[in-house]
Amino acid sequence: MLKRQWLKIIFILLIIATLIFFITFRMFILSDKGIVSAPMIKYYSPIDGNLTLHYDNPQMPFGLIFPVNTHIFSVTNNQITKDHLHIQQQIIDMEKQHKLLLEEKSNLDAIASDTLNNYQKHKKYFIAWLEQKQSITKSIIRDDEKILLLNKQEMDRLHTLKKGNHVSISQHEDQQQQVLDIEKKIATNTQTLKLLNQEITAAKNGVFIGDAYNNVPYSQQYYDKIQIDIININNRASELVNKISTLKSQFNTRKEQYDKANKVDFFTKSETYLWQLATGDHSYVKKGQLIMVLTSCNPDYISVLVSHSVAAKAKVGDKVSIEIAGEDNAHTASISAIQSFIQNQDYVAATTSSDNTDSMLVIKIIDEEKNTSNHNTSSHCQVGKMARIFSL
């Protein structure tokens, strides 16, 4: 009876020992040191330009912690500034040219207006003068025609008297010559009247011929020349307006691009840790060139380098407990990935080992209730710190 009790006790102790051994072994195989890691935040230059670092002591930058919204650097492209200002200067120059053209057009309009007024006044007076000459010439012709009629009657009377030898032949011939002279005078005045009629008709149409051409100081031809000059100015002004409109459109279209591309400022979006400065202060950088690498001071990941045998026993999703150096409280975490060791290019402080025979566990720190990052970063940046991982 006693032996059976002892056998039960020994059996129970063996089971307890087995459980203790299993638990201890399990903790041993998943108990290891890790390094707090975080995703890299890589900054590349979006343009060609000059780099200016804006934080204190840029010659010894490593280990700096940047608060939220810290102005870390800017890149300035002088060529874009030059091109932008060149377009702006073109607009200013063309607007000046347009203003001068409008002033010239205004002066020509004034000259054209004066010219037209003087021309119309002179045209009116000149036509009146021509019509007066026309009236006088017509009156002279009418008077000469009456005189001619009387002289022809006298010549007929003398011709009759000549047949009866009552007048001399010379007297009759004198009368006949006088008739011819009057007819010639009438013909000359009739031709003059015809020319006057032509001049009056032409003058009313704005064309001056004969002596009238020299008597008109501001002719229609001169007025028309001014109008042609005004048309040319209007065409040049319209062309400038179109060019100015095109340049302004180009200027406004590029303004947003210029504001962004001319001087690009970079600010931190969260508390970050300067991991790498790839380019020195005041250096010239090309578009796409790496400037610096930052990492969040609120990391979510712990990387653990373990042997293949340990990795084989671990499973994605397994819960672990993490103790981070410098922190009092442990954190609950889960294994996010298991992979053969490859130097991770996306995380800083992923590992310090180059032993490619090992594997790496990537463990995400979680708050099981809120599923958010749950570790203290108030005093220091945790990236690169050692952490102890235990299986649960």
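This chain uses plain numbering: 1 for the first residue, then up along the sequence.
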> After noting the C-alpha distance and the side-chain angles of D281 and F73, does the key distance pass the side chain to side chain contact (heavy atoms under 4.5 Å, CB included) rule?
Replying inline: CA-CA 9 Å; D281 191 20; F73 73 89; over 6 Å; no
> Going through the distances and angles, do K269 and V68 end up as a side chain to side chain contact (heavy atoms under 4.5 Å, CB included)?
Replying inline: CA-CA 6 Å; K269 296 181 179 179; V68 179; over 6 Å; no
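Classification of D144 and K185 as a salt-bridged pair holds, one side-chain N sitting under 4.0 Å from a carboxylate O. Here E199 does not pair with K133 in a salt bridge; the nearest charged N to carboxylate O distance is not below 4.0 Å. Checked for salt-bridge contact, K152 and E183 meet the test: a charged N lies under 4.0 Å from a carboxylate O.
Side-chain contact check for K287 versus P46: every heavy-atom pair is 4.5 Å or farther apart. A heavy-atom distance below 4.5 Å is not found between the side chains of I72 and H54. Looking at heavy atoms from C-beta onward, Y44 lies out of side-chain contact with Q289 at the 4.5 angstrom threshold. Considering only heavy atoms from C-beta on, T279 stays 4.5 Å or farther from L290 through its side chain. Under the 4.5 Å side-chain criterion, counting only non-hydrogen atoms from C-beta, E95 is in contact with K248. At least one side-chain heavy atom of L51 sits under 4.5 Å from a side-chain heavy atom of I291. Considering only heavy atoms from C-beta on, L274 comes within 4.5 Å of M292 through its side chain. Side-chain contact check for Q134 versus L130: every heavy-atom pair is 4.5 Å or farther apart.
For the pair T268 (side chain) and N69 (backbone), a donor-acceptor distance under 3.5 Å is present. The backbone N or O of N242 lies less than 3.5 Å from a partner atom in the side chain of T246, making a donor-acceptor pair. Remark: side-chain polar atoms of T188 are paired, donor with acceptor, to backbone N or O of K184 under 3.5 angstrom.
L195 and F126 are members of different hydrophobic clusters when ILVMFWY side chains are connected at heavy-atom separations under 4.5 Å. Residues M94 and I87 share a single hydrophobic cluster, defined by chaining ILVMFWY side chains whose heavy atoms lie under 4.5 Å apart. Hydrophobic clustering keeps L196 apart from I141 (ILVMFWY residues linked when any side-chain heavy atoms are closer than 4.5 Å, directly or through intermediates). Under the 4.5 Å side-chain contact rule for hydrophobic residues, V264 and L53 share a cluster.
Atom CG of N189 and atom CD of E145 lie 10.0 Å apart (nearest 0.5 Å). The CG atom of D181 sits 12.5 Å away from atom CD1 of I147, with the distance rounded to the nearest 0.5 Å. Here the CD1-OG1 distance, from I140 to T190, works out to 11.0 Å after rounding to the nearest 0.5 Å.
Nearest heavy atom pair, residue S45 against residue V285, reads OG-CG2, 3.5 Å.
A donor atom on one side chain and an acceptor atom on the other are not found under 3.5 Å apart for D174 and Q178.
In this structure, Q198 places its CD atom where more than 12 heavy-atom neighbours from other residues, nucleotides or ligands lie under 6.0 Å away.
Screening residues 97-109 for side-chain hydrogen bond (donor to acceptor under 3.5 Å, both in side chains) gives K105-D109 as the qualifying pairs, with residues at least two apart or on separate chains.
Relative ring orientation between F267 and H71 is described as parallel, the plane-to-plane angle staying below 30° on a 0-90° scale split at 30° and 60°.
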Taking only distance into account, with no hydrogens and no angle test, what donor-acceptor pairs under 3.5 Å do side-chain atoms of residues 226-241 form with protein atoms, sequence neighbours excluded?
residue	atom	partner	partner atom	Å
Q227	NE2	Y223	OH	3.4
D229	OD2	K225	NZ	3.3
N232	ND2	I228	O	3.4
N234	ND2	I230	O	3.4
N235	ND2	I231	O	3.3

